[in-house]
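Keep in mind it's a predicted model, so treat the numbers as computed, not measured. The sequence lines fix the lettering, A, B, ..., with proteins before strands; numbering per chain opens at 1. In what follows, every heavy atom counts, from backbone to side chain, and hydrogens, waters and symmetry copies are set aside.
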There are 2 protein chains.
Amino acid sequence: MALMLKDVYTRLLERGHKLTPQRWAIIAIFLMNRGRHLSADDVFAMLRETHPSNGIATVYRTLELLEEIEVLKKVDFGDGRARYEIRDDDSPHHHHLVCQKCGKITEFEDDLLIALEEAIHRKTGFQITEHVAKFYGVCAECQQAAESASG
Amino acid sequence: MALMLKDVYTRLLERGHKLTPQRWAIIAIFLMNRGRHLSADDVFAMLRETHPSNGIATVYRTLELLEEIEVLKKVDFGDGRARYEIRDDDSPHHHHLVCQKCGKITEFEDDLLIALEEAIHRKTGFQITEHVAKFYGVCAECQQAAESASG
DNA sequence: ATCGTTGCAAAGTCTTTGCATGAAA
DNA sequence: TTTCATGCAAAGACTTTGCAACGAT
């Protein structure tokens, strides 16, 4: 099931947190931007459009909270800032394809790494909790753009 | 072939760089710590033992330079600081296993991700240049320590 | 003698924190 | 009314940069 506002509300209350307008707004931003990977500053900029008085500290604190209650997942694409995506049961296992030309991030579903996890555990005894796989390169659109530009 | 001081020296001169004592010392630190993943601060601390007057800025600049000439590879384990490892032809393709208890980083050689790269390219058209895979969990030693501690 | 390199300190970026005010429950 | 959340500004962590002095070639 896709994550909805009601679910987030429930999780907040369960753990004794309050649903403030600021949190409401930040959650809404993520729900309206499914599939995107927003940095604190992205969220802050979007938030400012409707809540101009909101501070960046609240954004950071809210992102941390939403990660804690497993609404968001923190991802790191090595660009020096943390990004967040919705933790949605609909797309449980995916890797990220990062286009080095346009910066677009695509998701790719696959379970091949589970086999790899098993191999690692068998060979090394390492007990894996989580894995992260990222692929860097050029997306199909940017390749086409480059081709038509060069002739 | 394992990377040696001579190779680094050659690459430096080829591109018009100088081999200063500071650079020499930093390269030596990496050559003497093959398999480790050192942060700028790690290097700085080790460097201070022999070169107390050396500044951290030089460390950062040298790491950047060594990455440029493909002697080092920058890796990011999500702990808020960049780490560097030797780019050695001897262990070309490996993933990192990060122990969440003791912080130890182990390398694991495997080519399974190349198959995955091909699948991604076939399905999405994405042209992959590089991939990064990291596995987080608990290493065998920490598991044993936990077992013997609890009973 | 040149021209790249160093060390220092200042600045930059992202993120966290202290504290008094404010507001959800 | 209680308790948690907010906004602001200051501080923190890591990294980069400007600049004058320095040193490898």
Winner on side-chain proximity to B/Ala82, out of C/dC19, D/dT15, D/dT25, is D/dT15
Please list all pairs meeting ring-ring contact (aromatic ring centres under 6.0 Å, His included) that have one or both residues in residues 34-64 of chain B, counting only residues at least two apart or in different chains. B/His37-B/Phe77, B/His37-B/His96
Looking only at the side chain of A/Lys18 (C-beta and beyond, no hydrogens), which of the listed nucleotides D/dA5, C/dG7, D/dC14 gets closest? D/dA5
Nucleotide D/dT25, atom P - distance to CZ of B/Arg23 in whole Å: 10 Å
Minimum-distance nucleotide (side-chain atoms of B/Asn54 versus D/dT6, D/dA5, C/dG7): C/dG7
Short side-chain N/O contact from A/Thr58 to OP1 or OP2 of D/dG7, under 4.0 Å: yes
Picking from D/dG7, C/dT6, C/dC8, the nucleotide nearest the side-chain atoms of B/Ala57 would be C/dC8
Would you mind telling me which of C/dT5, C/dC14, D/dA5 lies closest to the side-chain atoms of A/Arg81? C/dC14
Let's test your reading of the model: under 3.5 Å, does the base of C/dG4 pair with the side chain of B/Arg61 as donor and acceptor? no
Could you check whether B/Glu64 gets within reach of a base, just the sugar-phosphate, or nothing at all, counting any heavy atom under 4.0 Å? nothing
Over 60° means perpendicular and under 30° means parallel, so classify the ring planes of B/His93 and B/His131, tilted if in between. parallel
Among D/dG7, C/dA25, D/dT25, which nucleotide has an atom closest to any side-chain atom of B/Leu19? D/dT25
